[in-house]
2 protein chains.
Amino acid sequence: MATIEDVAREAGVSISTVSYALSGKRRISDDTRRRVEAAAAHLHYAPRASARALAANRSEIIAVTAPRHADTDASAHMAFAMEVTIAARAHDYDTLLLVQDDALSGMKRSANSALADGIIVLDVAAHDERAQLARTITCPTVFIGVPDDTEGLVCVDLDFEASIRLSIDTLIGQGHTRLALIGHTQETLAREPNYPLRIQREFARHARARGVEFAIVNPETDDAGEALSTLFAHQPGTTGLVLSTSNPVATSLSAALSDRGLAVPGDVSVIAAGMTPLLSRTPLPFDALPLDPALTCPIAVEILVGLIAGRRPSSAVTLVPPVYQSRGTVAPASAPSNQAH
Amino acid sequence: MATIEDVAREAGVSISTVSYALSGKRRISDDTRRRVEAAAAHLHYAPRASARALAANRSEIIAVTAPRHADTDASAHMAFAMEVTIAARAHDYDTLLLVQDDALSGMKRSANSALADGIIVLDVAAHDERAQLARTITCPTVFIGVPDDTEGLVCVDLDFEASIRLSIDTLIGQGHTRLALIGHTQETLAREPNYPLRIQREFARHARARGVEFAIVNPETDDAGEALSTLFAHQPGTTGLVLSTSNPVATSLSAALSDRGLAVPGDVSVIAAGMTPLLSRTPLPFDALPLDPALTCPIAVEILVGLIAGRRPSSAVTLVPPVYQSRGTVAPASAPSNQAH
DNA sequence: TTGAAAGCGTTACCAT
DNA sequence: ATGGTAACGCTTTCAA
């Protein structure tokens, strides 16, 4: 491997000139710069990462801590890790992957040894041990997801509350007055009471504020059929469905609806809110306000890069506004064409 | 951040003594070693990764290049990346994740800048540009998967041929004489002619060698029902099914079989061969000889670590023998208890 | 516009 | 059993 000294010799200049010519941090005459570039190309020169990191006190590496919880969807998990990696590359950073047992210890290690310049925290739980750790280290850290206690943390997440309000408003705008939320399974709710619960609260709050009837169901199993039975027993005549649940439940919804003889959007309008589309699988066939990794990850990385450069974030928690994706599953509550005259 | 010099001062020894005491590369008296350890702990000392890498000429990082092809299953993709990461940690290596556009360029970069000590290549295609690159760099590289031309490469993969033979032998051992392989979809076969084709060849070869009737079907769609129709039209009375196909096809098989009134294993015995179990989803309910990342990745990492340490691998292509997992879907072809007397 | 040289924090060789 | 110190390859300050 060629070193900067080899390049300097070949170009007939000093090593500092090579360094400046290649980094562009100082003005170098065109002639000299070209000679340096030619020599570098000729020798296949690439700065040694470790030497550069030591001298510049920056590794150009971002650590990504991504443990896997019991109900983590592997596909979503990968999507987040990939989007972070892609976003990081756009800022010339590489990403170090920390998983499982090492998600916490690796975070400590990367910070203490200056292995990484910054840390992205994925798959954030309500009570996350990494939150406490983040407060004790000096290494800039950004959470994708919001733990219960955000004191001293920098977090990025979808604005779930807004996505719920927007879903309700959209349905009401189409004349629906009997709505329902199909929420997370009771199992998920028991383990992860933070954001699923916040969604349910906001749904109840906003539906009440808008003065419509509403119901909330939490499936016991991964099958939407059971949830629909419960729902229509409690609140017959529901015509607007907001979906914010696990992917298995959502996937089985279309079949469950048609089993009950309900057409979408003829009889029921459906919007999925705050759900993550699965990689390499057909997206849910519903109008959606998704928690898209491609939305939150680049923003999180951008903030992290800013922190590394010494820029304070404008706010501790950044809520990314949801983007509406239409797939034709929302229709007027009682379209004239659908009714007998 | 405390440096080695701080520790040396606090412990009242020289920095080389600190280095040796902590690395264990030289015998240090118990007393001194304890003082050094106490000082290091007290100051929360951790060697700076970049300094260590520069001096030792080793980064303790393995790059993982993992592009995503059209038919890559995100779940399997993540599983491999995770298993490599876990295996790497067991050898004190961290992993750098290289995806998409950067899978190739990142590989170049890691090698040229000595960012990584070694490279693991995932999601290997028959004609993989990374194969050619691997031959031009000096950075030790191990492929998980086998490209067409393995000249000069080190590869690790499941012994697919063995898993097919073992499947056939198991079914024949239970008295089945009419077998079928449900292979990959025609779409996959068109794009990736290497290992799916090898599987089909081995199936035909071995079934012929064992003197049994056999058929091979390649589904046109992701639905197993269509494949079964084709199969039973061509070869009625098939009682032994070997599954080596895409996960969607395999997932739909149970339902498709019961749609045809076929019980497993009463009427048909089923073995899945060379398929990758999906993370966080119930495994396929069939006897299996899986391509388990937990099987191949640790071996690949072990070989890579050996290469880094200068050990030549015993062979260029390591085929990992499949492990049989029984789930009760194989039964005798005509068990007395199943027949009328 | 360029060069010289002082670090950066380790490791590992050569002494003692 | 321990210490001194060159070397690793780069960045960046200070000089010219």
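Chain identifiers are assigned alphabetically (A, B, ...) following the order of the sequence lines, protein sequences preceding nucleic acid strands; residue numbering begins at 1 within each chain.
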(request) Could you please spell out the steps behind the side chain to side chain contact (heavy atoms under 4.5 Å, CB included) verdict for B:C297 and B:I144? (result) CA-CA 7 Å; B:C297 295; B:I144 298 185; 3.9 Å; yes
For atom [atom1] of [X] and atom [atom2] of [N], their distance in whole Å:
X	N	atom1	atom2	result
A:I15	C:dT2	CD1	C1'	13 Å
B:L22	C:dT10	CG	P	10 Å
B:R27	D:dT2	CZ	P	10 Å
A:R52	D:dG9	CZ	P	15 Å
A:R9	C:dG3	CZ	P	14 Å
B:Y45	C:dT10	OH	C1'	7 Å
B:K25	D:dA1	NZ	C1'	19 Å
A:N57	C:dA6	CG	P	21 Å

[X] side chain, from C-beta outward: closest of [options]:
X	options	result
A:R48	D:dG3, D:dG9, C:dT2	D:dG9
A:S19	C:dA4, C:dT1, D:dT11	D:dT11
B:S29	C:dG7, D:dA1, C:dA5	D:dA1
B:A51	D:dT13, C:dA5, C:dG9	C:dG9
A:A55	D:dG9, D:dT5, C:dT2	D:dG9
A:P47	D:dC10, D:dT2, C:dT11	D:dC10

(request) Map A:I4 and B:V13 onto DNA chain D by nearest heavy atom, then report which one ends up closer to the 5' terminus. (result)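 Final value for this comparison: B:V13.
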(request) Evaluate the criterion side chain to side chain contact (heavy atoms under 4.5 Å, CB included) for residue pair A:Y93 and A:R58; output intermediate values, then yes/no. (result) CA-CA 10 Å; A:Y93 281 90; A:R58 294 160 102 290; 3.2 Å; yes
(request) Start with the C-alpha gap between B:V301 and B:V305, add the side-chain angles, then the distance that decides, and say whether side chain to side chain contact (heavy atoms under 4.5 Å, CB included) holds. (result) CA-CA 6 Å; B:V301 169; B:V305 170; 4.1 Å; yes
[X] (side chain) and [N] (base): donor-acceptor pair under 3.5 Å:
X	N	answer
A:T17	C:dG3	no
A:Y20	D:dC10	no
A:R26	D:dT12	no

(request) Check the surroundings of atom NE2 in A:H69: do more than 12 heavy atoms from other residues, nucleotides or ligands lie under 6.0 Å from it? (result)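 Counting neighbours around NE2 of A:H69, more than 12 heavy atoms of other residues, nucleotides or ligands fall under 6.0 Å, so yes.
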(request) Determine yes or no for a side-chain-to-main-chain donor-acceptor pair under 3.5 angstrom, with A:T276 supplying the side chain and A:L291 the backbone. (result)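 Between the backbone of A:L291 and the side chain of A:T276 there is a qualifying donor-acceptor contact (under 3.5 Å).
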(request) For A:D94 and B:L115, work out which heavy atoms get closest and say how close. (result)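 It is OD2-CD1, 3.5 Å.
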(request) Would you classify B:L54 as touching base, sugar-phosphate or nothing, given that sugar-phosphate means primed atoms plus P, OP1 and OP2, and contacts are heavy atoms under 4.0 Å? (result)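 Base, at least one base atom sits under 4.0 Å.
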(message) Over all strands shown, is B:T3 touching base, sugar-phosphate only, or nothing at heavy-atom distances under 4.0 angstrom?
(response)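 It contacts sugar-phosphate atoms only.
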(message) Side-chain N or O of B:T32 versus OP1/OP2 of D:dT2: is the shortest distance under 4.0 Å?
(response)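 For D:dT2, OP1 or OP2 has a side-chain N or O of B:T32 closer than 4.0 Å.
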